[in-house]
There are 2 protein chains.
Amino acid sequence: MSQRHALLATLTAQPMTGYELVKYFDGSFAYVWSAPHSQIYPELRRMERDGLVGVEVVPRGERAEKRVYSINEAGLAELQRWEREPTPYQSERDPYRLKAAHFEQATYEAARHQLQEHLRHFARALRDWEQMLADLDARRVSLLRRRLEQRPEEEHEAIVAFRKLAFRGEVLKARAEIAWAEEGLALLDELEGKGVPLRGER
Amino acid sequence: MSQRHALLATLTAQPMTGYELVKYFDGSFAYVWSAPHSQIYPELRRMERDGLVGVEVVPRGERAEKRVYSINEAGLAELQRWEREPTPYQSERDPYRLKAAHFEQATYEAARHQLQEHLRHFARALRDWEQMLADLDARRVSLLRRRLEQRPEEEHEAIVAFRKLAFRGEVLKARAEIAWAEEGLALLDELEGKGVPLRGER
DNA sequence: CAGTCCATGTAATAAGTTACATGATTAG
DNA sequence: CTAATCATGTAACTTATTACATGGACTG
């Protein structure tokens with residue numbers, strides 16, 4: 001049920017429309033938490049029903065409207081309850097690692113392509129996150145500025161530091177995945193160079 | 001639809017019962033891919049229906065029976081198709097990072113506890129994987145031995161190397177997560193030492 | 001006035017979790 | 001004889017994905 005908490009946490013910065021939340025969870029934050037609009041809109045309605053968010057219907061242009069959601073006290077309490085309670089560690093499902101464990105069923109070309117995509121994906125993530133860390137330091141992130149404006153000065157350091165901590169985790173993870181993909185590509189070169197056959201080549 | 005491919009890939013080592021597969025995906029491999037029995041048994045039935053696996057009903061004891069599944073040619077073809085086709089990179093959902101990004105809504109105690117659990121979880125994963133790498137090198141893994149017995153000698157090097165590659169990825173990831181949790185714990189000590197207040201402490 | 005963005009939904013299907021349910025076999 | 005392990009399911013519920021669907025507002 002973290003979907004709900006992801007939305008509540010984002011709404012602590014400022015009131016937002018579903019559309020703005022959709023963009024947020026489809027932007028660079030999607031490396032941490034992503035959600036399609038088909039999950040966001042219904043969840044906002046459910047949270048409204050459950051009294052965790054308030055809604056203001058604002059006209060836009062002549063004929064259209066938009067629904068601006070804001071977190072209320074019950075929503076904040078629920079977010080804090082979730083933040084304080086431990087999140088257990090359980091199941092993982094990593095299709096890339098699963099696939100690599102059985103690369104002998106692929107071809108050298110296919111295996112290489114997959115690892116190159118891995119590299120590309122995490123290299124991009126790394127660039128995005130390092131940029132984000134720099135932007136956070138320079139207070140260039142508008143959502144962060146909004147968040148800080150609402151809180152007393154003495155809390156600012158922690159708010160920025162925790163945001164950076166999360167992104168720092170993504171940086172470390174991306175570097176590990178890049179190193180792994182490089183090891184994998186080197187292995188493929190070595191095996192193919194030696195002429196080691198793969199079952200999947202047939 | 002990787003569930004199916006995880007099962008097919010495991011069955012390339014040897015014919016197995018659903019129960020044996022359940023244990024496998026609940027053991028140390030669960031850090032890569034986990035599945036509960038409520039997903040495994042029905043999926044095996046579906047794969048049987050779809051002609052990807054064969055089944056032999058073997059008596060066990062006086063009254064009981066067990067169903068031993070083996071991958072067939074169509075199943076192998078499907079596994080190889082999946083191995084050769086690229087797996088796209090999309091959405092991530094990391095509740096631990098999401099939580100850390102908003103630790104200001106928690107308490108120092110709760111945040112510290114979560115990161116200590118993170119450390120413990122990945123330290124255990126690291127131990128398990130390093131042990132597994134050593135066992136693979138020494139050919140101490142029975143499933144691996146079964147897998148190798150069935151394949152010509154010249155393929156052995158690749159089979160072992162890919163298995164190790166996957167586990168090596170888990171080792172790198174575990175180390176990155178451990179380093180992250182340690183950074184986080186140091187940050188919490190620093191902030192609390194300075195007396196920086198958290199909204200969630202109220 | 002055309003294309004892009006803003007904005008919000010629903011429906012069908014697929015996948016995943018948790019609980020309920022049962023019974024034989026084997027080792028000590 | 002009892003506990004652990006072997007063995008296999010189903011049901012109810014929750015989540016997630018993908019596709020279908022619509023229409024106003026703004027920019028050039």
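Here is the naming used below: chain letters follow the sequence lines, and residue numbers restart at 1 for every chain.
- Between the side chain of A/His156 and the backbone N or O of A/Leu148, at least one donor-acceptor pair lies under 3.5 Å.
- By the salt bridge (Lys or Arg N to Asp or Glu O under 4.0 Å) test, A/Arg67 is found to be paired with A/Glu48, residues two or more places apart in sequence or in another chain being considered.
- Every salt bridge (Lys or Arg N to Asp or Glu O under 4.0 Å) that A/Arg140 has, sequence neighbours left out, goes to A/Asp135.
- Looking at B/Glu177 and B/His118, their side chains do bring a donor and an acceptor atom within 3.5 Å of each other.
- Judged as a ring pair (Phe, Tyr, Trp, His ring centres under 6.0 Å), not a single pair has a partner in residues 47-66 of chain A (not counting sequence neighbours).
- Computed from C1' positions of five pairs at each end, the angle between the two local axes of the helix from C/dC1-D/dG28 to C/dG28-D/dC1 equals 30°, rounded to 10 degrees.
- Both tests hold for B/Arg97 against B/Trp180: distance to the six-membered ring centre under 6.0 Å, angle to the ring axis within 45°.
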Which atoms of nucleotides 15-18 of chain D (N or O only) lie under 3.5 Å from a protein N or O atom, and what are those distances?
residue : atom : partner : partner atom : Å
D/dA16  : OP1  : B/Arg93 : NH1          : 3.0
D/dA16  : OP2  : A/Gln39 : NE2          : 3.0
D/dA16  : OP2  : B/Arg93 : NH1          : 3.1
D/dA16  : O5'  : B/Arg93 : NH1          : 3.4
D/dT18  : O4   : A/Ser38 : OG           : 2.6

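- Listed by chain and residue number, nothing satisfies the salt bridge (Lys or Arg N to Asp or Glu O under 4.0 Å) test with A/Arg93 (two or more places apart in sequence, or in another chain).
- Evaluation of the ring pair (Phe, Tyr, Trp, His ring centres under 6.0 Å) test over residues 34-62 of chain A, restricted to residues two or more places apart or in two chains, returns none.
- First and last contacts of DNA chain C with chain A, using any nucleotide atom under 4.0 Å from a protein heavy atom and ordered 5' to 3', fall at C/dC5 to C/dT17.
- Scanning for ring pair (Phe, Tyr, Trp, His ring centres under 6.0 Å) contacts around A/Phe103 gives B/Phe162, with sequence neighbours left out.
- By the salt bridge (Lys or Arg N to Asp or Glu O under 4.0 Å) test, A/Glu130 pairs with A/Arg175, sequence neighbours left out.
- Every residue two or more places apart in sequence or in another chain was checked for a ring pair (Phe, Tyr, Trp, His ring centres under 6.0 Å) with A/Tyr108, and none qualifies.
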Using the 3.5 Å cut-off, write out each protein N or O paired with an N or O of nucleotides 5-8 of chain D and the distance between them.
residue : atom : partner : partner atom : Å
D/dC6   : OP2  : B/Tyr19 : OH           : 2.8
D/dA7   : OP1  : B/Lys66 : NZ           : 3.2
D/dT8   : OP1  : B/Arg67 : N            : 2.8
D/dT8   : OP2  : B/Gly18 : N            : 3.3
D/dT8   : OP2  : B/Tyr19 : N            : 2.9

